[in-house]
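Quick notes on the structure that follows.
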Amino acid sequence: MTHAAAGFRHVSVQELTAYEGQEVTLKGWLYNKRGSKHLQFLMVRDGTGLVQCVVAADSVDVDAWRIAEEATQESALIVTGKIVADERQAGGVELVVSTLKLVGESVEYPITPKEHGIDFLMSHRHLWLRSRLPWAILRIRNRLIVAIHTFFQDRGFLQMDAPILTGNAVEGTSSLFELDYFDEKAYLTQSGQLYGEAMAMAFGRIYTFGPTFRAEKSKTRRHLTEFWMIEPEMAFFDLDMTLDLAEDLLVYMIGDVLAHCKEELAMLERDLAPLERVRKPFPRISYTEAVELLCSNETVDMLSVRIQALEEENAALAEELAANRKRYGQAKKSERRRLDAREIVIHRRTGEIAEALQNLPAWKASARSFKWGSDFGGSDETVLTWHFDRPIMVHRYPAAVKAFYMKRDPDDVRLAMALDVLAPEGYGEIIGGGERATDLVFLEEQIAAHQLPKEAFEWYLDLRRFGSVPHAGFGLGLERMLTWIAGIDHVRETIPFPRLMGRIAP
RNA sequence: UCCUCGGUAGCUCAAUGGUAGAGCAUGCGGCUGUUAACCGCAGGGUUGUAGGUUCGAGUCCUACCCGGGGAGCCA
């Protein structure tokens with residue numbers, strides 16, 4: 001729906017091409033400005049996009065010209081003018097200004113259109129949200145949410161909200177945020193799954209979509225203390241049906257984003273090829289096969305090749321840097337700027353390489369010495385996915401590393417009917433789940449073996465006492481999924497206000 | 001909790017133990033089509049904190065604080 005159709009009194013940047021030749025009014029903020037004595041180019045953003053507004057001194061009144069000259073970054077503006085085609089512009093049009101009003105001034109906006117460090121940006125997250133990359137990422141997040149609801153609703157799933165405050169700790173309290181609930185202990189939820197199982201017995205197929213909290217003291221690019229999880233749960237589903245569903249869901253989500261977020265992905269400079277390769281079928285390998293692959297000579301060779309390539313790149317960059325510095329003395333000012341800019345790029349890349357070269361030998365050792373029966377570490381998952389060109393589905397894990405409610409493999413009782421989906425390009429686990437145990441006595445034994453308080457699980461055990469059926473489900477981490485799709489290197493940029501260990505504001 | 005890297009101007013970064021600099025941002029001046037515009041000038045510093053070594057410390061040592069990355073744990 002256009003702004004006009006929605007009853008708004010001004011148009012959005014997004015729909016400007018439809019107004020070519022007409023006079024329109026835009027309301028937004030000054031993103032950047034370039035100018036000369038009689039001409040100012042205002043880059044104006046309104047939340048839907050960016051457009052260049054051209055102000056000529058001789059075609060606006062004195063007040064408007066002064067505003068154009070004096071407006072600083074992020075000043076709020078109302079701009080009226082004619083939309084004209086211009087090939088040089090990203091959107092194909094620009095606005096030739098006839099009147100200009102200042103709504104709110106902006107003094108010394110801290111985020112300049114240059115380089116900033118992550119600490120500074122995170123401390124100014126409330127303003128950083130206005131920049132291009134957060135804009136692109138959070139627009140894709142919105143599209144993913146729409147796609148997820150559409151996918152499940154089209155397949156007859158009922159969306160349900162699981163409680164956020166819970167009384168029982170499902171898997172140990174070390175990873176739970178504890179709080180006082182009228183003199184009782186309560187926790188912020190770390191999964192809606194048990195409640196989802198109850199709802200699946202009532203509605204057949206359901207999914208939750210809500211916040212999840214983990215108090216793990218993790219400071220890595222894959223962790224948030226507050227993140228959003230989608231957890232489908234299906235009555236009368238076995239492991240294979242669940243693998244099919246997870247595969248269909250991922251293919252649908254990627255396809256939907258590719259269809260609707262071309263501009264955003266381009267802004268992120270995302271290589272689309274790995275996303276376009278996400279088609280059925282995904283490789284399905286058992287945990288045991290994954291362990292064999294991890295310990296294989298093939299893995300050692302692959303990592304050696306990677307290490308060597310990085311060392312060569314590092315040497316080449318060091319050489320270039322030395323050559324540039326030698327040239328710097330005689331260089332003209334404009335060339336010095338180029339050299340400065342190049343030095344920043346080299347600096348950043350050598351930092352990445354140093355980090356990788358520090359990690360890779362340890363990752364290689366970890367993979368080589370991996371023993372059947374342990375759970376995969378972050379590096380093991382990354383190394384595994386480097387062998388494939390699309391997401392991989394790993395199934396049938398050792399029961400010991402999975403939760404108490406997992407169904408055992410009837411062909412091998414050491415195994416749980418669990419599934420993990422690992423994203424390609426080293427993005428790691430995005431889905432975890434499996435088939436749930438149906439047998440009351442087995443579950444009671446597991447609760448005892450895990451030293452969990454049985455009273456707290458009586459309601460859950462009722463689901464087995466009254467018409468227990470095969471059922472299964474999984475959890476999809478929205479931020480990890482989005483990190484992969486956007487091709488960025490940290491989950492913190494995929495949620496408007498990330499909650500991380502050591503950072504609770506803004 | 002452990003390992004590792006870092007903390008210098010508002011921001012991003014330089015600076016053999018020897019006079020703390022550059023780009024951007026800001027202010028002033030110039031330029032009629034700029035694309036992170038460009039050109040000139042100017043202001044801007046308790047080098048994270050506290051000690052120590054030294055004729056002399058941004059640089060070396062010790063402790064602490066803060067941040068990045070990783071391990072464990074996990075979506």
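None of these values were measured; they are calculated from a predicted model. What you see below is based on every heavy atom in this structure, not just the backbone, and it leaves out hydrogens, waters and symmetry mates. In what follows, chains carry the letters A, B, and so on, assigned in the order in which the sequence lines appear, proteins first and then strands, with residues in each chain numbered from 1.
Nearest to the side-chain atoms of E94(A) among the listed nucleotides rU32(B), rU34(B), rC74(B) stands rU34(B). Minimum atom distance to the side chain of D119(A) is reached by rG67(B), of the listed rU32(B), rG70(B), rG67(B). When each of rA75(B), rC73(B), rU35(B) is scored by its nearest atom to the side-chain atoms of R480(A), the top-ranked nucleotide is rA75(B). Ranking rU32(B), rA75(B), rG69(B) by closeness to the H38(A) side chain, first place goes to rU32(B). Between rA75(B), rG33(B), rA71(B), one nucleotide has an atom nearer to the side chain of F227(A) than all others, and that is rA75(B). When distances run from any side-chain atom of W363(A) to the nucleotides rU32(B), rG70(B), rG33(B), the shortest one goes to rG70(B). Residue S36(A) has its side chain nearest to rA37(B) when only rU26(B), rA37(B), rG72(B) are considered. Which of rC31(B), rG33(B), rA37(B) sits closest to the side chain of K37(A) comes down to rC31(B). Residue T112(A) has its side chain nearest to rC24(B) when only rC74(B), rC24(B), rG33(B) are considered.
Looking at S218(A), its side chain comes within 3.5 Å of the base of rG72(B) through a donor and an acceptor atom. Interface remark: the Q89(A) side chain does form a donor-acceptor pair with the rU34(B) base, using a distance-only criterion of under 3.5 Å. In this model, no side-chain donor or acceptor of R503(A) finds a partner on the base of rC66(B) within 3.5 Å. Below the 3.5 angstrom threshold, one finds a donor paired with an acceptor across the side chain of Q52(A) and the base of rU34(B).
Mapping E479(A) and G117(A) onto RNA chain B by nearest heavy atom places G117(A) at the nucleotide closer to the 5' end. In this structure, L500(A) and F376(A) both approach RNA chain B, and ranking their closest nucleotides by distance from the 5' end singles out L500(A).
In the model, S379(A) has no side-chain atom that pairs as donor or acceptor with a side-chain atom of T382(A) under 3.5 Å. Checking S191(A) against E231(A) by side-chain atom types alone, a donor-acceptor pair falls below 3.5 Å. A side-chain N or O of E197(A) and one of Y460(A) form a donor-acceptor pair less than 3.5 Å apart. Using a 3.5 Å distance cut-off with no hydrogens or angles, the side chains of D420(A) and Y397(A) do pair a donor with an acceptor.
The same atom, P, is picked in rC13(B) and in rG52(B); the two are 32 Å apart, to the nearest Å. Annotation: rA37(B) and rU47(B) have their C1' atoms spaced 34 Å apart (nearest Å). Here, rU4(B) and rC74(B) have their P atoms 25 Å apart, quoted to the whole Å. rG48(B) sits 10 Å from rU8(B) when the C1' atoms are compared, rounded to a whole Å. Taking atom P in both rG17(B) and rU12(B), the straight-line distance is 25 Å, to the nearest Å. Comparing rU62(B) with rA15(B), their P atoms sit 22 Å apart, to the nearest whole Å. With both ends at atom C1', the span from rG18(B) to rA57(B) equals 10 Å, rounded to whole Å. Nucleotides rA9(B) and rA42(B) place their C1' atoms 15 Å apart, quoted to the nearest Å.
Counting non-hydrogen atoms under 4.0 angstrom, R492(A) reaches the backbone sugars and phosphates but no base. Residue D86(A) is in base contact, counting any heavy-atom pair closer than 4.0 Å across all strands shown. Residue contacts for G428(A): at a heavy-atom cut-off of 4.0 Å it reaches no nucleic acid atom on any strand shown. Across all strands shown, E231(A) has no heavy atoms under 4.0 Å from either base or sugar-phosphate atoms. Within the 4.0 angstrom heavy-atom criterion, only backbone atoms of the sugar-phosphate kind lie near H490(A); the bases stay farther away. Using a 4.0 Å heavy-atom distance criterion, L224(A) is classed as a base contact. Within the nucleic acid shown, S379(A) comes within 4.0 Å of sugar-phosphate atoms alone, with no base atom in reach, counting heavy atoms only. At a threshold of 4.0 angstrom between heavy atoms, the contacts of H116(A) are confined to the sugar-phosphate backbone, with no base atom among them.
Following rounding to the nearest Å, K33(A) (NZ) and rG27(B) (C1') show an atom-to-atom distance of 13 Å. The distance from atom CG of L127(A) to atom P of rC11(B) is 14 Å, rounded to the nearest whole Å. Going from atom CZ of R34(A) over to atom C1' of rC24(B) covers 15 Å, rounded to whole Å.
Regarding contacts with the backbone of rU34(B), every side-chain N or O of N32(A) stays at 4.0 angstrom or more from both OP1 and OP2. The shortest distance between the side-chain N/O atoms of R222(A) and the OP1/OP2 oxygens of rA71(B) is below 4.0 Å.
Rounding to the nearest 0.5 angstrom, the gap separating the CD atom in Q52(A) from the CD atom in Q40(A) is 11.0 Å. To the nearest 0.5 angstrom, I148(A) atom CD1 is 4.5 Å from F209(A) atom CZ.
Below 30°, between 30° and 60°, or above 60°: for Y287(A) and F376(A) the angle between ring planes is between 30° and 60°, a tilted geometry.
Between F388(A) and F282(A), the gap from one ring centroid to the other reaches at least 6.0 Å.
Put simply, F41(A) does not rest on the base of rG33(B): the two rings are not both less than 5.5 Å apart at their centres and under 30° in tilt.
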